[in-house]
Amino acid sequence: MAPTASLAQQAPAPHSGAPLARRAATALAAAMVLAAAAAPAAYAAAPGSPSAAAKKLPDGLYGTKDPQYDGVWRQSLALLAQHTVGVRPAASAVRWLVGQQCADGAFTAFRAEPGKPCAAKAMRDTNQTAAAVQALAALGGHGEAVDKAVGWLKSVQNDDGSWSSMPGSPGDANSTSVVIGALAAAGRKPASVTSKKGRTPYDGLLTFRLGCAGKEDAHGAFTFQLKGAAPNADATAAAATGVLGKGFVVAPAGRGAHAPVTPPACKDGKDKKPGKVSAAQAADGGAAYLVAQLDKNGQHLLSAMPGAEPQPDVGNTADAVVALAAGGHGAAARQPLAWLQKNAANWARQSGPAAYAQLVLAAHATGSDPRSFGGTDLVTALNATGPEPAAVSAKHAKNADASAKDDDGGIPWWVIGVGLAFGAGLGFLLSGRKRGGL
């Protein structure tokens with residue numbers, strides 16, 4: 001998720017992910033609140049800004065950390081995940097998100113004074129905007145806000161069909177993927193949204209596909225950006241979902257969804273050049289790359305910060321599970337899903353609403369029960385990070401599992417390690433997606 005990020009699950013934008021990629025928010029949230037998704041709890045305030053503790057958080061906002069960089073992202077993922085599992089969010093939570101929209105339709109990461117017009121120089125963000133579109137479209141009743149947001153997204157599409165997190169910059173796979181998800185959620189056909197040069201979002205997304213370029217273990221991967229292209233697991237998870245026209249919510253395909261993972265036909269030269277393959281081929285190639293990385297690392301993906309050893313990337317792993325499910329690779333998703341069920345609860349507890357939302361959406365995509373996810377009731381835990389829901393379906397009305405209580409017992413070493421390294425690595429995390437791959 002990602003801002004993506006999934007999104008992981010991106011800087012000033014969420015992907016995990018992604019995104020934003022799963023997703024600025026996913027990765028940003030995943031890291032910003034400790035390592036949180038989506039956009040994904042060691043959240044560091046920006047230099048010169050008041051600490052989170054010194055601020056009074058707005059009514060209706062999910063999470064307890066400073067929302068400066070991921071407010072709209074984490075709110076959108078939380079509302080979307082709740083809706084997906086039959087929870088009707090509090091009116092104040094929905095009202096807060098709607099109130100963050102600028103007059104031109106865009107969303108920034110956070111507006112402390114939504115009653116005032118967005119400044120001309122305010123950093124409008126495609127990831128936050130696309131995440132908000134997916135949430136508001138799912139909730140219904142917000143057609144005008146959705147239409148305005150989609151109109152703004154169309155207005156900042158790059159000539160090659162892609163999007164960047166910040167308009168005017170070169171496109172990236174995570175941002176393009178989360179916008180595709182928003183277009184689909186809003187009832188638009190992404191293929192019909194063309195740039196001034198007639199390029200579609202899929203044209204733009206496929207430019208980030210490496211295909212058979214590079215080393216054999218990178219075949220099928222996507223890169224985050226074309227400059228300094230390198231295989232990137234976060235971008236690949238986002239793109240393998242986005243190229244199929246799907247967003248953060250992937251409907252479970254059922255017990256028969258066990259299509260084999262098919263890597264690109266590189267050795268016999270049958271794989272076409274990047275940008276010249278079908279969506280299914282591109283998604284399968286991305287899935288094959290993800291499976292290879294998961295198999296190599298013990299059924300989870302890795303992230304690393306300067307000076308730190310590579311560590312499990314929970315948000316990106318959740319995005320990968322969603323990507324595999326989106327491609328109908330249910331069997332391939334089982335092992336990383338089992339790893340998440342065993343290892344992700346403490347990470348989500350530390351990270352907050354975007355992280356819980358990523359796990360809920362991964363469970364949903366695979367047909368798993370988010371109310372019993374490795375012993376944790378993700379639905380109740382997510383609900384507890386924000387205002388009391390307006391309604392909860394009967395099957396979700398149960399107390400949170402004891403493992404979801406806010407204590408530090410049993411936190412894996414790598415979760416603690418991420419927290420200790422977070423302060424020093426914030427700048428890296430904000431730009432990490434642009435630096436090559438995992």
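These numbers were taken from a predicted model, which means no experiment stands behind them. Residue numbers run from 1 in the order of the sequence given.
Among residues two or more places apart in sequence or in another chain, the side-chain contact (heavy atoms from CB on, under 4.5 Å) test is passed with Thr385 by Tyr62, Pro353, Tyr356, Leu382. In terms of the ring pair (Phe, Tyr, Trp, His ring centres under 6.0 Å) criterion, residue partners of His300 (sequence neighbours excluded) are, by chain and number, Trp339. With sequence neighbours excluded, no residue satisfies salt bridge (charged side-chain N to carboxylate O under 4.0 Å, His left out) with Lys189. Not counting sequence neighbours, the partners of Pro389 by the side-chain contact (heavy atoms from CB on, under 4.5 Å) test are Gln82, Val87, Asn383, Val392.
Two residues are said to be in side-chain contact when any heavy atoms from C-beta on lie closer than 4.5 Å; Trp163 and Pro201 meet this criterion.
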Could you give the side-chain donor-acceptor pairs of residues 242-250 under 3.5 Å, partners two or more places apart or in another chain?
from   : atom 1 : to     : atom 2 : distance (Å)
Lys246 : NZ     : Ala326 : O      : 3.0

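Residue pairs that meet the salt bridge (Lys or Arg N to Asp or Glu O under 4.0 Å) test with at least one member in residues 140-151, sequence neighbours left out, are Asp147-Arg188.
The main-chain N or O of Ala93 is found under 3.5 Å from a side-chain atom of Gln75 such that the two form a donor-acceptor pair. At least one donor-acceptor pair under 3.5 Å links the side chain of Thr129 to the backbone N or O of Phe107. Listed for the Ser175 side chain is a donor-acceptor partner under 3.5 Å among the backbone atoms of Ser165.
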- Task: Test Trp347 against Leu359 for side chain to side chain contact (heavy atoms under 4.5 Å, CB included), laying out the working first.
- Result: CA-CA 11 Å; Trp347 166 80; Leu359 297 177; 4.1 Å; yes
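To the nearest 0.5 Å, atoms OG1 (Thr108) and CD (Gln101) are separated by 10.5 Å. Residue Gln157 holds its CD atom at 7.0 Å from OG1 of Thr194, rounded to the nearest 0.5 Å.
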